[in-house]
Amino acid sequence: MQYLFTPPPVVSVPIIGQSEQFPVHRIYCVGRNYEEHAKEMGFTGREPPFFFLKPADALVFAPSNETVSMPYPSLTKNFHHEIELVVAIGKGGKNITAANAMQHIFGYAVGLDMTRRDLQNDMKKQGRPWCIGKAFDHSAPMGPITPVAQAGDVANAEIFLQVNGQDRQRSHVHKLIWNISETIEHVSTAWELQAGDLIFTGTPEGVAAVVPGDTLLGSVAGLGQITVRVG
Ligand code: MN
């Protein structure tokens, strides 16, 4: 096959304890999936889960023991962090039941659903798509993937984010409104999941703005931590 120009490289993420990279297919994200975060965004009650996507090449790999830089994006004056547990799908499927969902997970990682909150809010008000607020370049920093067997009890893990050493977000994965299995069930009714898909499962309360020069440190217990400097 000859291409008109060189195709972009496959986006991939290292795997803890393995030499192979995890090739990324799609990045799904769950909206408002922790009750206290839903409240801070002005919503209450258990609504059906909803989803948006980021392009795979929005991913910025953040190795566990290094600080990576993430450019401050254009157009925004309110650039927010959202620390999230990321689920890496190893086996695809349609209409996966929650009872079978765990068989489809390869591993887990720590991720940031970076958000241009002012643009997202404008789009919400106008009933327009969130893409400009959520799916911009460099909007998905994430760490290496820990295979399920080494990840420990992720469903009950603590999740936190600090900015310049100060706590901003601190919660537990068990507070997810739609847990990991239920989320996979819902996503797979709307799209056929494929090996290589990533699911950002939602963020707990405490989202706030960062500015150039800030350093974000995020972690999910058992999955290491990521450190990202806003450039
Ligand atoms: Mn999010």
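Indexing begins at 1, ligand by ligand and atom by atom, following the structure's order.
Around atom CD of E205, more than 12 heavy atoms belonging to other residues, nucleotides or ligands sit under 6.0 Å away. Open room surrounds CG on N65; 12 or fewer heavy atoms of other groups in view lie less than 6.0 Å from it.
Taking the Mn ion (ligand 1) as reference, D113 places its N/O/S atom OD2 nearest. Atom OE2 is the N, O or S atom of E84 at the shortest distance from the Mn ion (ligand 1). Taking the Mn ion (ligand 1) as reference, E82 places its N/O/S atom OE1 nearest.
Side chains of S12 and Q21: a donor on one and an acceptor on the other come within 3.5 Å.
Between Y28 and the choices F52, W191, F200, the ring pair (Phe, Tyr, Trp, His ring centres under 6.0 Å) rule is met once, by W191.
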